[in-house]
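Report on the structure given below.
The first residue in the sequence is number 1, and the count goes up from there. FYI, side chains are in, hydrogens and waters are out, and symmetry mates aren't considered; it's all heavy atoms of this structure.
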Amino acid sequence: MTHSIHPQTRRGRGPARRIGRSLALVLPVVLVLSGTLAVARVDWSGNPQSPVLTAADTSAAGASSRAASRAPQDVLRDQLLMELQKKDPGAALTQLQQAVNDRPSLAKHCVSIARSLGKAAVRVYGPTKAQSYARPVCDTSFASGVVAANG
């Protein structure tokens, strides 16, 4: 019978090793799932509305605080898109020109707002009628929005 100087150990069977192996298998799955869920909850459309509304969000105070926290050009764009649907693109373009005249800081956003109005006009009125409202507000960006939505 031979005796060894070193006692034999049970490799891989200790409780710490079992816990370590379990964590090594479970932890990546948990991290991937939590990351996927976090990405799924983000509103990638750029529209800041949350699918889960609280009581404060549904009140008028909540609506006004959301509008106050948004950039002025975004608030203006939303107002003009509503004006386009209520009246016509001509009224929205007139208001856009007036807003840029009143607040020159909005001039750098005029092109993108006018282009958005052009795209929305095509959805509401169709390409031919939408094009009839085109005029030289913000370097004819409304007309380029009509063309982009049509093409």
Side-chain angles (χ1 to χ4, degrees), residues 11-12 14-151:
R11 288 190 176 174
R17 185 133 177 130
R18 276 183 277 158
I19 291 172
R21 283 187 177 174
S22 296
L23 283 176
L25 292 173
V26 172
L27 193 58
V29 173
V30 170
L31 289 174
V32 168
L33 286 176
S34 65
T36 302
L37 291 174
V39 169
R41 288 201 45 99
V42 172
D43 183 11
W44 296 102
S45 69
N47 188 359
Q49 287 185 325
S50 170
V52 179
L53 295 177
T54 62
D57 288 338
T58 58
S59 70
S64 64
S65 67
R66 279 195 314 268
S69 66
R70 295 178 58 212
Q73 67 270 14
D74 296 333
V75 173
L76 176 62
R77 178 180 288 117
D78 291 346
Q79 289 172 346
L80 294 175
L81 288 171
M82 286 177 35
E83 183 70 18
L84 183 141
Q85 291 179 353
K86 287 179 185 176
K87 293 184 181 176
D88 60 48
L93 288 171
T94 300
Q95 285 187 10
L96 174 60
Q97 187 64 56
Q98 187 62 43
V100 170
N101 291 343
D102 292 345
R103 293 183 67 185
S105 63
L106 291 171
K108 62 184 171 189
H109 304 286
C110 187
V111 169
S112 67
I113 293 171
R115 197 170 284 141
S116 296
L117 290 172
K119 290 178 182 179
V122 169
R123 286 191 301 269
V124 174
Y125 296 98
T128 305
K129 180 141 176 138
Q131 187 64 39
S132 71
Y133 288 102
R135 58 180 146 166
V137 176
C138 307
D139 294 330
T140 65
S141 297
F142 177 84
S144 69
V146 170
V147 170
N150 194 27

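- Closest approach of L81 to S116, counting heavy atoms only: CD2-O, 4.1 Å.
- One finds the OH atom of Y125 at 8.5 Å from the CD atom of Q85 (value rounded to the nearest 0.5 Å).
- A distance of 9.0 Å separates CG of L84 from OH of Y133, quoted to the nearest 0.5 Å.
- Listed here is the closest heavy atom pair of A91 and R135: N-NH2, 4.3 Å.
- Taking all atoms of both residues into account, the shortest heavy-atom contact from F142 to A134 is CD2-CA, 3.6 Å.
- No side-chain heavy atom of T94 sits under 4.5 Å from any side-chain heavy atom of E83.
- Nearest heavy-atom pair, K119 versus A148, reported as atom, atom and distance to 0.1 Å: CE-CB, 3.9 Å.
- Under the 4.5 Å side-chain criterion, counting only non-hydrogen atoms from C-beta, H109 is not in contact with P72.
- No option in L117, T128, V146 other than V146 meets the side-chain contact (heavy atoms from CB on, under 4.5 Å) test with V122.
- Separation of atoms CG (D74) and CD1 (I113) is listed at 8.0 Å; rounding is to 0.5 Å.
- In this structure, the separation between CD on Q97 and CG on N101 is 5.0 Å, given to the nearest 0.5 Å.
- Under a 3.5 Å cut-off, the side chain of R123 and the backbone N or O of A149 do not form any donor-acceptor pair.
- Between the CG atom of D78 and the CD atom of Q73 there is a distance of 10.5 Å, given to the nearest 0.5 Å.
- Between atom CG of residue L96 and atom CD of residue Q79 there is a gap of 11.5 Å, rounded to the nearest 0.5 Å.
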